[in-house]
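Just so you know, ligand 1 is whichever comes first in the structure, and atom 1 is the first atom listed for that ligand. We number each residue from 1, following the sequence as shown.
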Amino acid sequence: MTVTNKTFSSISDFNQNLDLSHLKKETTLLQIFSGLVEKAEIQEIQSILTKKNHNINFIGTTTAGEIFQGKAIEKSITVSIISFENTTVNEGYFAGDDDFETGRKIAAELISYNTKAMILFVDGLVSNGNDIIDGIASINNRIPLAGGLAGEDGRLENTYIFDQNGIYNKGCVCIALNSDILNVYTDYQLNWQAIGKTMTVTKAEKNRLYEIDCIPIDKMYTKYLGEEVGQNLPFSAVEFPLLKIEDDGLEVCRTFTHQFDDGSLLTIGNLEVGDKVRFSFGNIDLILKNATSHITQYATLHPEVLFVYSCAARKSLMQSKINHELLPLNKIAPNVGFFTYGEIYHKNNKVSLLNESFTLLALCEQEHQESTQIIKNENVKLPKKKINNFLQDKHFLILNALTNLSNRVIMELEEAQQQLREQSNRDFLTNLYNRRYFSEVSKNIVDVSRRENKSSSIISIDIDYFKKINDTYGHHVGDEVLKKLAEILQSNTRKSDIVARFGGEEFIILLPFTNIQGAQKIAKKLKETVEKTPVEIDNIITVPFTISIGIATIEEYDLIIDEVLNRADKALYQAKENGRNQIVIGS
Ligand code: GH3
Ligand code: MG
Ligand code: MG
């Protein structure tokens, strides 16, 4: 491939110095990143392009800044022209009222048998980019998607995307790259640090977020990050987005473009009820540290060109330091791109719409071995000294320490909470589950057993003549007997069985998915073990004791667990009546 990346400082510069002759429509990938964001300016750019080569296809977007050869620039017209040798391109503009359907249409019309990647520019403020890429993935989730949401100068008013046929503030311009040999590599960097407790999204509809932890989202921002942040939404959340960690470990930030009158926020990218999120912030020094250690990975692919789609918020956070993240790219390959209002990232058959991130699409048409010689490892040596200066920065250490402090306190609180929860489920003397916990977990067993078509059983146990033990040896010996019995019950049942002290010297065992024969076997073992295990007190007194047992199984006609408990109790009473130290099956 031949790579020509160019940047122009004005429309007249663009008009005079851009050469589009000799480009072939079928094999040219032409991307325009325009820092000039007014519609009239885009119209001029578009007409110059068609005048210079009326046959050529292109995709263009307004930006929140352009990226050109390892540098962030502004208010330019930056152009990337790739002439492929063994790759063809298909272009299209797609829009509709249902963004998911638009995505499906893109997939149906542009993806062919040898499509290797797609680049999409979606408008930044009107369409739901998340739905568009989900629509594409619903038809084909294997094609790497890259690109981003159009940006502008931070006003959050109008963004445009364009191609040879039109200028649009809604929908998606898209190019598919078709080839038998094109190598494609995608990557992303975030390095936002989570801070504070984990919260749950409790009210959200696609890209509109209402509540987390049952509290309105704007109130949540005020509560935890202060009035200043809460009152300046949606802009203030750019610095403190919500961070969600997906099942595959992908970290996804969510920022906002609009606040509704009811306080709810329009997110870039969707959130779902049940999503776990935390507040986060961009730690510049962490970003720089990881950018440099990470960069070597790109070199191993030996790409011929890198397209960078990085977040407008990342640039606004890092200011001039953004170039420290971009500059190392020059050691790898020619690079070009723009600052977006949302980044499209694809890895392992999953496509995501990201915020705050740095995403990258690397292309290579050459055979691997050939290109190995082109870029040697030594080429990726980085300006180490400069980066180390940042690491010694006090600001970094302070921020890191405060984040650790906050996260540590939360961890300890959560551990204490968990411990309390555990304790409230347990009986103090025997450490078995208590009646409250038993009632809670046994509630659904009738339904579950019926659904799974398996019987479950209950064993009810009472110590015989326990009052006499107390009276003869004292209360503390009685307590030892209770503890010993608890031990025996626990060690003769499975982990999945629920053993509880129901009160006094009465115990209950829930045996999920165990029929009456199984329950009988366990009951027999318990009765016999108790009989031959007298309690030894200080090696002086030996206290023999016995238990009576009632068993019941969940029957077809049972509606609630209490009915089964009743039968087990009646059987236990019968066992006492019959002379104790025996087992009776309830009916
Ligand atoms: P039965 O064979 O009919 O079950 O006779 P029992 O003596 O075991 O039954 P009863 O209900 O008459 O007595 C139960 C005794 O258990 C009375 C009570 O003081 C004692 N008890 C209840 N909770 C505890 C405890 O936590 N520790 C001790 N040591 N005794 C307890
Ligand atoms: Mg009793
Ligand atoms: Mg008793």
To the nearest 0.5 Å, atom CG of Leu360 lies from atom OH of Tyr345 at 10.0 Å

Worksheet item: Would you say Asp464 reaches the Mg ion (ligand 3) with an N/O/S atom under 2.8 Å?
Response: no

Note: heavy atom closest to atom 11 (O) of ligand 1, options Glu505, Glu480, Glu506, Lys467, belongs to Glu505

the protein heavy atom lying closest to atom 6 (P) of ligand 1 turns out to be Phe466 N, 3.4 Å

Counting heavy atoms under 4.0 Å, the part of Asp479 that contacts ligand 1 is both

Q.
I'd like to know whether ligand 1 has Arg501 as a neighbour, heavy-atom separation below 4.0 Å.
A. yes

For Leu482, the atoms of ligand 1 under 4.0 Å from one of its heavy atoms are 25 (C), 26 (O), 27 (N)

The atoms of ligand 1 lying under 4.0 Å from a heavy atom of Asp462, numbered in the order shown, are 4 (O)

Here's one to test your reading of the geometry: is the NZ or CZ of Lys468 within 45 degrees of the ring axis of Tyr465 and under 6.0 Å from its centre? yes

Q) N/O/S atom of Lys576 under 2.8 Å from the Mg ion (ligand 3), yes or no? A) no

- Query: For the residue pair Phe358 and Tyr188, is the inter-centroid distance of their aromatic rings smaller than 6.0 Å?
  - Reply: no

- prompt: For atom CZ of Arg142, is the number of surrounding heavy atoms from other residues, nucleotides or ligands below 6.0 Å larger than 12?
  reply: no

Ile463 heavy atoms within 4.0 Å reach ligand 1 at atoms 2 (O), 4 (O), 8 (O)

The protein heavy atom nearest to atom 22 (C) of ligand 1 is Gly504 CA, 3.5 Å

| said: Hydrogens and angles aside, do Asp462 and Ser548 bring a side-chain donor and acceptor to less than 3.5 Å of each other? | reply: no

closest protein heavy atom to atom 3 (O) of ligand 1 is Arg580 NH2, 3.0 Å

*asked:* Using side-chain hydrogen bond (donor to acceptor under 3.5 Å, both in side chains), reason through Thr553 and Ser457 one step at a time and then give a plain yes or no.
replied: CA-CA 4 Å; Thr553 290; Ser457 302; 3.0 Å; yes

Using 2.8 Å as a strict upper limit, say whether an N, O or S atom of Glu506 approaches the Mg ion (ligand 3) that closely.
no

Please check atom 17 (C) of ligand 1 for a protein heavy-atom neighbour under 4.0 Å.
no

of all protein heavy atoms, closest to atom 5 (O) of ligand 1 is Tyr465 N, 3.6 Å

closest protein heavy atom to atom 19 (O) of ligand 1 is Asn470 ND2, 3.9 Å

Checking distances from the Mg ion (ligand 3), one finds that the N, O or S atom of Glu505 closest to it is OE1

His258 and Phe260 aromatic centres sub-6.0 Å:
yes

For Tyr185, is the NZ or CZ atom of Lys347 found under 6.0 angstrom from the centre of its six-membered ring and inside 45 degrees of the ring axis?
yes

Any side-chain donor near an acceptor of the partner, Asn270 and Asn128, under 3.5 Å | yes

Exercise for review: Compute the shortest N/O to N/O distance between Lys468 and ligand 1 and return yes if it is under 3.5 Å, no if not.
Suggested key: no

Here the atoms of ligand 1 under 4.0 Å from any heavy atom belonging to Gly478 are 29 (N)

Residue, atom and distance of the protein heavy atom nearest atom 1 (P) of ligand 1 read Lys576 NZ, 3.4 Å

To the nearest 0.5 Å, atom CG of Leu242 lies from atom OG of Ser280 at 7.5 Å

Report yes or no: do Arg426 and Gln423 form a side-chain donor-acceptor pair below 3.5 Å? no

- Task: Run the numbers on Gln189 and Asn191 for side-chain hydrogen bond (donor to acceptor under 3.5 Å, both in side chains), then give the verdict.
- Result: CA-CA 6 Å; Gln189 283 284 292; Asn191 295 308; 3.0 Å; yes

Which atom of Asp462 is nearest the Mg ion (ligand 3), counting N, O or S only? It is OD1

